[in-house]
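First comes the structure, then the notes that go with it.
These numbers come from a predicted model, not from an experiment.
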Amino acid sequence: MALRQTSDKEPLIELFIKAGHDGENVGNCPFCQRLFMVLWLKGVKFTVTTVDMRKKPAELKELAPGTNPPFLLYNGTLKTDFIKIEEYPHLSPLNKESFDVGADIFAKFSAYIKSSPINSFHEKNLLREFKRLDDYLNSPLPQEIDHNSRENIIISRRKFLDGNHLTLADCNLLPKLHVIKIAAKKYCDFDIPTQFVGVWQYLQNASEKEEFSQTCPANIEIEKAYFSVVNKRT
């Protein structure tokens, strides 16, 4: 089911995402932010409701029994099949590598923040994934290379993973990078190395897009979410 207008009447789309520690503002949930970004990029009209997971409202239990955010209601019908929800031609990346390049970075971060702060093994694994991402962002994509031109492009000039426009690949990766940037700094004193110019430029470009900047949880939400995680470190 692609969220497109199929009649003269606009569909009623309601997005439900996790609330923060105050029970109202946007909470820490990369998956919620991904869907938030996708709907925003599609240009459809929708409302957003934050759900306090500590006291899930009774009416919500009736709407989506056994379901946790993110989910949405499309004309009152529960939709949880995000692959179909995210179907939209102009949001799909042209290059499969744009999806693949950041696939492991969040898992490496999770292993790192759950381990001792001095665990160099997990830190090296995380840095290796950042290096892979940086190399990809700096490498010209096939569509950037004009074989009829004398100009030899060595460093990519694109703004995002797959070009100069946000795609589903960015919606998937950017929320995770934001969490890593905030939580790793707070609890591991880890900064993304400055030599990863491609990554930093990518994050800067993303911060200038409201689809990303306006859907991010506050830093304190991320810090609170990982407080219990770091207290269990061994």
Side-chain angles (χ1 to χ4, degrees), residues 18 20-21 26-37 53 70 93 95-141 154-162 166-209 212-213 215-234:
K18 289 183 179 180
H21 69 283
V26 174
N28 172 65
C29 176
F31 308 105
C32 294
Q33 188 180 2
R34 178 183 70 183
L35 194 53
F36 199 163
M37 289 179 67
M53 299 304 295
N95 304 279
K96 180 179 179 295
E97 293 82 357
S98 295
F99 257 130
D100 295 342
V101 68
D104 294 332
I105 199 166
F106 201 67
K108 301 303 182 186
F109 154 73
S110 295
Y112 174 55
I113 200 168
K114 290 176 183 177
S115 67
S116 169
I118 58 173
N119 193 314
S120 60
F121 172 77
H122 290 299
E123 182 173 357
K124 287 178 181 178
N125 285 341
L126 179 58
L127 287 171
R128 189 178 299 115
E129 291 304 314
F130 270 114
K131 176 65 165 58
R132 182 184 173 208
L133 175 60
D134 191 64
D135 287 345
Y136 184 73
L137 289 166
N138 287 325
S139 301
L141 296 174
I154 300 176
I155 301 295
S156 175
R157 298 170 184 169
R158 72 187 188 277
K159 294 182 178 181
F160 304 109
L161 285 172
D162 205 63
L166 291 169
T167 66
L168 292 176
D170 300 294
C171 294
N172 186 55
L173 181 60
L174 283 169
K176 297 174 183 176
L177 289 181
H178 184 63
V179 169
I180 294 171
K181 180 183 174 185
I182 302 304
K185 176 62 178 177
K186 173 70 175 179
Y187 295 112
C188 304
D189 196 25
F190 173 90
D191 287 303
I192 300 171
T194 55
Q195 66 261 33
F196 294 153
V197 177
V199 174
W200 278 107
Q201 187 60 58
Y202 175 51
L203 290 172
Q204 176 59 39
N205 291 336
S207 71
E208 296 171 2
K209 300 290 289 185
F212 173 65
S213 63
T215 58
C216 283
N219 291 1
I220 189 65
E221 296 296 345
I222 297 172
E223 293 172 357
K224 282 183 174 293
Y226 278 88
F227 179 75
S228 59
V229 173
V230 298
N231 279 345
K232 297 176 183 178
R233 287 193 296 207
T234 56

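Counting only distance, with no hydrogens or angles, the side chain of R34 and the backbone of L168 share no donor-acceptor pair below 3.5 Å. The main-chain N or O of H21 is found under 3.5 Å from a side-chain atom of E221 such that the two form a donor-acceptor pair. At least one donor-acceptor pair under 3.5 Å links the side chain of R158 to the backbone N or O of L161. In terms of modelled atom types and a separation under 3.5 Å, the side chain of D162 and the main chain of N95 share a donor-acceptor contact. Judged purely by atom type and a 3.5 angstrom limit, W200 has no side-chain atom pairing as donor or acceptor with the backbone of Q195.
Rounded to the nearest 0.5 angstrom, L141 CG and E97 CD are separated by 8.5 Å. Distance CG/N172 to CE/M37: 10.0 Å, rounded to 0.5 Å. Atom CD1 of I182 and atom NZ of K186 lie 11.0 Å apart (nearest 0.5 Å). Distance check: Y112 OH to L127 CG gives 8.0 Å after rounding to the nearest 0.5 Å. Atom CD of Q33 is separated from atom NZ of K18 by 13.5 Å, given to the nearest 0.5 angstrom. The OG atom of S110 sits 7.5 Å away from the CD1 atom of I180 when rounded to the nearest 0.5 Å.
Using a 4.5 Å cut-off on side-chain heavy atoms (C-beta onward), N138 and I154 make no contact. Two residues are said to be in side-chain contact when any heavy atoms from C-beta on lie closer than 4.5 Å; H122 and K108 fail this criterion. Side-chain atoms of L166 and C171, non-hydrogen and from C-beta on, never get closer than 4.5 Å to each other. Between Q201 and L137 there is no side-chain heavy-atom pair separated by less than 4.5 Å. A heavy-atom distance below 4.5 Å is not found between the side chains of N125 and D104. The closest side-chain heavy-atom distance from L177 to I192 is not below 4.5 Å. When side chains are defined from C-beta on, P217 counts as touching H178, because their heavy atoms get closer than 4.5 Å.
Side-chain polar atoms of Y202 and D170 form a donor-acceptor pair below 3.5 angstrom. In the model, S156 has no side-chain atom that pairs as donor or acceptor with a side-chain atom of Y136 under 3.5 Å.
Nearest heavy atom pair, residue P30 against residue F106, reads CG-CZ, 4.3 Å. A pairwise comparison of heavy atoms in K114 and V229 identifies CG-CG1, 3.7 Å as the closest pair. In terms of heavy atoms, N28 sits closest to I222 at OD1-CG1, 3.5 Å.
Each of F130, Y187, Y226 was compared with F109 under the ring pair (Phe, Tyr, Trp, His ring centres under 6.0 Å) criterion, and only Y226 meets it.
The number of heavy-atom neighbours closer than 6.0 Å to NZ of K185, taken from other residues, nucleotides and ligands shown, is above 12. A 6.0 Å sphere centred on CZ of F31 holds no more than 12 heavy atoms belonging to other residues, nucleotides or ligands.
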